[in-house]
Amino acid sequence: MSDDNRKDLLRSSARSLCNDFANKEPLDTILNNFSSSHDHDILCLEHGMQHPSVPFLGRPFRGKKGAREYFELISSLLYYEDMKFDDYFIDVDMSAVSVRGEARFTWKGTGQSWDEVFTYRLRFDDECKVTRYEVWADSLAAYLAGTGQLLGDSIKK
């Protein structure tokens, strides 16, 4: 397969996952974007310091079972709206895609909301299925919203 064809497949696979998540598709639809043949390689990791108030941060979730647990945990704690993705950067040699996202998040338990820009770095297997899902986001805003301490213009009244 040519690099251009592989690049197109990687972009399409990354967009599929991002669109499914942004459109709040059912969890099984989201998980269909993940590898079935490389379950042992699947890792979901949202970078940040581990803290009980934000249980999805800094904790590796492994395998498809772990990916399910991660997304279930996110959906139990957070609500999001107006999620958009752009600036897809495709690295054919690493079978990876980095993408910029933005959304408005609300911590369900406190009702506090914030606007956020975040980055995904996705790695893919030979079939262009996700094996690595990493997120860099505003962990301080998540912590403050989760503990009811978010101040300023970001709070949704």
Side-chain angles (χ1 to χ4, degrees), residues 7-35 42-51 53-91 94-125 128-157:
K7 187 175 185 177
D8 290 343
L9 282 172
L10 289 168
R11 179 182 288 112
S12 176
S13 295
R15 280 192 173 145
S16 175
L17 173 65
C18 292
N19 289 339
D20 287 349
F21 193 63
N23 294 327
K24 300 178 184 170
E25 296 294 339
L27 182 53
D28 286 337
T29 301
I30 292 168
L31 292 175
N32 282 339
N33 292 284
F34 285 79
S35 179
I42 293 175
L43 171 67
C44 293
L45 178 62
E46 189 152 340
H47 291 274
M49 186 178 81
Q50 288 187 0
H51 192 278
S53 297
V54 193
F56 52 85
L57 281 179
R59 179 177 157 203
F61 294 84
R62 300 194 180 276
K64 218 168 200 180
K65 183 178 177 183
R68 176 177 293 281
E69 183 182 354
Y70 170 80
F71 286 108
E72 286 175 344
L73 186 57
I74 292 293
S75 70
S76 74
L77 297 172
L78 299 174
Y79 173 80
Y80 57 90
E81 55 193 342
D82 300 325
M83 187 173 281
K84 299 177 209 75
F85 292 92
D86 60 14
D87 295 337
Y88 288 81
F89 177 82
I90 295 89
D91 183 338
M94 294 296 294
S95 290
V97 176
S98 296
V99 60
R100 178 186 177 278
E102 59 183 80
R104 180 155 187 88
F105 290 90
T106 301
W107 196 279
K108 290 179 177 180
T110 64
Q112 293 192 333
S113 298
W114 69 101
D115 295 320
E116 182 170 313
V117 175
F118 53 93
T119 299
Y120 286 173
R121 177 151 167 91
L122 309 169
R123 296 271 314 255
F124 296 87
D125 64 13
C128 286
K129 294 290 191 169
V130 176
T131 57
R132 196 170 187 105
Y133 171 95
E134 293 180 85
V135 181
W136 283 266
D138 189 345
S139 56
L140 179 58
Y143 169 79
L144 292 173
T147 58
Q149 301 176 69
L150 191 64
L151 302 175
D153 294 335
S154 293
I155 298 177
K156 188 177 183 180
K157 303 282 182 187

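All values reported here derive from a predicted model rather than from experimental measurement. Atom set for the values below is all heavy atoms of this structure, side chains included, hydrogens, waters and symmetry mates excluded.
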> Quick one: are E46 and I74 in side-chain contact, heavy atoms under 4.5 Å?
Replying inline: yes
>> Between C128 and L10, is there a side-chain heavy-atom distance shorter than 4.5 Å?
In response: yes
> Taking C-beta and beyond as the side chain, do F89 and V99 meet within less than 4.5 Å on heavy atoms?
Replying inline: no
>> Looking at every non-hydrogen atom in both residues, tell me the closest pair between S53 and T147 and how far apart they are.
In response: OG-CG2, 3.6 Å
> Sub-3.5 Å donor-acceptor pair from the side chain of S12 to the main-chain atoms of D8, do we have one?
Replying inline: no
>> Tell me if the centroids of the rings in F21 and Y133 come within less than 6.0 Å of each other.
In response: no
> If you take all heavy atoms of L45 and P60, which pair is closest and at what distance?
Replying inline: CD1-N, 3.9 Å
> How far does CG of L17 sit from NZ of K129, to the nearest 0.5 angstrom?
Replying inline: 10.0 Å
> In terms of side-chain heavy atoms, does S16 have a donor or acceptor partner in N33 at a distance below 3.5 Å?
Replying inline: yes
> Does the side chain of V135 come within less than 4.5 Å of Y70's, by heavy atoms?
Replying inline: yes
> Does atom NZ of K108 have more than 12 heavy-atom neighbours, drawn from other residues, nucleotides or ligands, at distances under 6.0 Å?
Replying inline: yes
> Should the pair W114 and F105 be assigned to parallel (<30°), tilted (30 to 60°) or perpendicular (>60°) ring geometry?
Replying inline: parallel
> Is any side-chain heavy atom of T119 less than 4.5 Å from a side-chain heavy atom of E134?
Replying inline: no
>> I'd like to know if the side chain of E116 and the backbone of D138 have a donor-acceptor N/O pair within less than 3.5 Å.
In response: yes
>> Test of understanding: with side-chain contact (heavy atoms from CB on, under 4.5 Å), list the residues that count as partners of T110, not counting sequence neighbours.
In response: W107, Q112
> Of all residues at least two apart in sequence or in a different chain, which pass the salt bridge (charged side-chain N to carboxylate O under 4.0 Å, His left out) check with E25?
Replying inline: none
>> Quick check on side chain to side chain donor-acceptor pair (under 3.5 Å): which of E69, H51, Q50 does R59 satisfy it with?
In response: E69
>> Please report the interatomic distance SG(C18) to CE(M83), rounded to the nearest 0.5 Å.
In response: 9.0 Å
> Is the charged tip of K24 near the ring of Y80: under 6.0 Å from the six-membered ring centre and within 45° of its axis?
Replying inline: yes
> D86 pairs by salt bridge (Lys or Arg N to Asp or Glu O under 4.0 Å) with which of R11, R100, R15?
Replying inline: R100
>> So P55 and L73, do their side chains get closer than 4.5 Å, heavy atoms only?
In response: yes
>> Can you give me the closest heavy-atom contact between S35 and D125, atom names plus distance?
In response: OG-OD2, 2.7 Å
> What's the shortest heavy-atom distance between V97 and I90, and which atoms?
Replying inline: CG2-CG1, 4.0 Å
> Y120 and F85: aromatic ring centres closer than 6.0 Å?
Replying inline: yes
> Mind checking whether Q149 and Y143 have side chains closer than 4.5 Å, heavy atoms only?
Replying inline: yes
> Should H47 and R121 count as side-chain neighbours, where that means a heavy-atom distance under 4.5 Å?
Replying inline: no
